[in-house]
Amino acid sequence: MAINDISRISRPMLGVLAVFAFPALAHAGARFDPATHQFRLDGGAVTYAFGVNSAGALQSLYWGPQLAATDRLEAVTPPDLSGMDPSSSITPQEYPGWGRGFYTEPALKLAYPNGARDVVLTFVSGHAEGDSITVEMADIARPLHVSLRYTIDPATGIVGRSAIIRNDTAAPVRIDQASSAAWSLPQSDDYHLHYLTGRWAAEWTLQDRAITQGATVIESRRGSTGMQANPWFAIDRAGLTSEENGPVWFGALAWSGSWRISVDRNPMGDVRVVGGFNPFDFAYRLKPGETLETPVFYAGYSDQGMGGASRLMHHFERTKILPQSSAPKLRPILYNSWEATEFAVNEKGQMALAEKAAQIGVERFVMDDGWFGARNTDHAGLGDWTVNRTKFPNGLKPLIDKVHSLGMEFGLWVEPEMVNPDSDLYRAHPDWVINFPGRPRSEQRNQLMLNLARSDVRDFVLKAIDDLVSKNDIQFLKWDYNRNWSEPGWPEVDPQDQPRIYVAYIRNLYGIFAELRKRHPKLEIEDCSGGGGRVDLGIMGLTDQVWTSDNTDPFDRLSIQDGFTHAYAPAVMMDWVTDSPSWVNKRTTTLDYRFLSAMQGSLGIGADLNKWTETDFAGAARMVAAYKQVRQTVQQGDLYRLIRPTDASERAATLYVSPDRRQAVLFAFLHSSTKYDPQSRIHLAGLDPEKQYRVHAIDAAPGAVGETQSGAYWMRYGADVSMTGDFQARGLVFEEL
Ligand code: DGJ
């Protein structure tokens with residue numbers, strides 16, 4: 001790949017109309033044409049292009065299905081439409097500062113000590129190498145610099161963008177808003193926005209609304225990612241896009257703190273997505289010489305509908321985001337004690353559960369909350385990461401040894417960012433929590449938040465968890481986080497610098513994860529926040545799997561998991577089989593139903609095994625063995641949402657197809673038979689039409705097994721999956737002969 005570079009150029013050198021043409025062979029990676037000052041990224045089936053216009057601004061040119069290498073684009077600066085709609089406001093800028101006349105969502109807004117509060121960025125230089133581009137921008141009047149970073153993933157065409165803001169002036173500059181990127185969509189008036197919302201035990205609800213004039217804002221002001229909304233979006237075209245066909249633009253922020261994504265349609269009808277740090281209460285004071293780097297905002301395009309978009313995301317997460325992306329390991333089947341015991345853990349009880357878990361083929365035994373300090377309820381103990389000697393008189397070693405002797409890995413629950421006021425840690429360091437001086441410290445779940453932005457607190461947390469993992473033979477941590485921020489103060493620093501907590505906390509959190517992983521390369525971590533309250537591409541880069549939701553009802557889980565997989569990979573989605581009736585809603589379901597619901601992601605078991613019958617153990621052992629036969633396909637294959645649980649159907653179905661298309665796994669569910677529902681056929685997808693596939697069942701239900709047909713038959717004629725009754729489920733595996 002050729003490297004193109006230009007040094008500083010002056011604005012008069014830029015033509016009014018620049019033409020963009022690359023050599024026919026160069027059709028992948030990043031390119032910069034110094035003659036026209038235009039940039040192009042090609043990867044997967046996508047082209048992303050932008051260039052410098054006659055005003056010196058960086059202007060979006062194209063984002064969509066791949067163009068020919070010879071295609072020419074033009075960076076035409078739109079003239080003022082009127083005095084009300086100046087060119088500066090209607091130009092689709094790559095990174096607009098709030099300055100000149102600019103009336104929609106800026107990427108950057110700041111304030112100088114003398115009261116000036118505008119910033120107008122123009123192009124300084126550009127550089128392309130491999131799959132990456134760097135563009136240097138500067139304010140027209142002050143040495144305030146912004147480096148824009150772009151990378152494209154050659155496999156999926158997903159572009160990652162971020163910005164580094166550098167204050168080269170002699171005085172502090174207050175950054176009020178710093179986004180990672182502004183994404184401009186091609187002109188169209190039929191866009192629909194999809195995004196994910198929720199609350200505790202009801203995360204991952206897919207929303208859908210037309211993009212009309214004005215802005216839609218999805219955000220978290222909670223200090224962390226949050227359940228209220230997730231930093232992911234997808235935009236499709238009404239009437240053109242379906243689950244498997246048509247254009248979809250999508251993206252997700254790699255940030256686990258407060259964030260905001262704004263989707264607006266300006267008066268010209270142009271749709272732009274701007275996202276990054278949440279500007280609410282931000283006010284980040286950048287001292288002379290300091291930089292502020294935004295999170296990365298990843299975004300992509302698919303012409304294969306919402307299904308194609310999520311398959312690209314899943315592939316990208318597995319191969320580029322997750323810590324094990326270079327050599328992904330299959331997720332072990334885990335047992336977790338929480339729903340069985342809650343805080344009442346002890347050596348004898350955990351050993352008994354471990355023995356039973358091992359009998360059914362569990363590979364990793366995880367002891368949840370309650371093992372440390374004075375932790376008998378959620379009122380005390382957080383912060384005191386020493387073993388409770390009443391519950392474990394000989395420490396954790398006997399339990400860990402027992403678990404290992406049963407052939408399982410050992411995992412432990414921790415919630416290191418928190419402290420109960422009733423704890424030795426808080427009694428010793430009441431100043432360590434996030435607080436506003438002289439104001440009440442609001443407790444949530446009876447706990448306060450440690451201020452990880454402080455280096456002494458960060459060091460304490462790292463040491464506490466490092467000691468725990470070093471002194472005990474622990475393979476896995478479930479890292480929980482059970483409240484959001486309130487009174488977000490940092491009294492030890494200058495009041496003007498206190499809002500830096502929004503960035504410093506998360507960076508230190510990431511630093512702790514990175515350091516723990518470095519010191520303990522075999523340690524795996526599950527990201528949990530009272531369920532799926534902190535799931536994003538930032539934390540995903542440092543953890544191996546996520547707890548999807550505290551709602552473990554297997555029917556509720558169908559729609560929760562459906563929402564989740566729009567953005568995130570089934571491999572990281574932890575799904576447990578728990579007891580029936582469900583604690584959530586008292587719904588009764590069969591063990592097979594519960595397993596088939598949970599087998600659509602990374603399987604875990606969270607039931608009270610002490611209550612299980614011999615039949616339950618036999619059924620569970622059969623399903624665990626079956627999962628082991630298909631988990632590679634489920635975790636590393638392509639997901640097709642054949643019938644969504646929210647469709648106007650009593651049924652729901654997902655299909656997972658292995659990358660080599662030799663195995664496909666169908667999970668089908670019937671909510672309730674009404675008026676004798678005669679529909680039984682389900683059309684598969686993603687198979688090789690020429691190959692023969694034989695079907696067998698995972699579940700114990702009779703029928704529809706043993707048949708061999710072509711991939712074409714299963715996809716076009718369909719598989720007969722008849723179910724009658726309420727809360728029925730089938731699991732069928734199609735193996736290439
Ligand atoms: C919230 C988690 O989501 C649960 O799975 C469990 O770990 C509890 N915290 C423990 O307090």
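When a residue number appears, it is its place in the shown sequence, counting from 1. Each ligand, and each atom within it, is numbered from 1 in the order the structure gives.
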Would you please test F555 and F669 for ring pair (Phe, Tyr, Trp, His ring centres under 6.0 Å) and show each step?
-> CA-CA 9 Å; F555 173 70; F669 303 85; 9.0 Å; no
Counting only non-hydrogen atoms and a 4.0 Å cut-off, the residues near ligand 1 are W338, D368, D369, W413, R445, K478, D480, N482, C528, G530, G531, W547, D550
Ion pair present between E203 and R199, side-chain N to carboxylate O less than 4.0 angstrom?
-> no
State whether K348 and E355 are salt-bridged, where the test is any N-O pair (Lys NZ or Arg NE/NH1/NH2 against Asp/Glu carboxylate O) under 4.0 Å.
-> no
Option from W255, W259, Y502, F297 for which ring-ring contact (aromatic ring centres under 6.0 Å, His included) with F277 holds | W255
In terms of ring plane angle, is the pair W371 and W385 parallel, tilted or perpendicular, where the classes change at 30° and 60°?
-> tilted
Assign the ring pair F372 / W413 to parallel, tilted or perpendicular, where the plane angle (0 to 90°) is split at 30° and 60°.
-> parallel
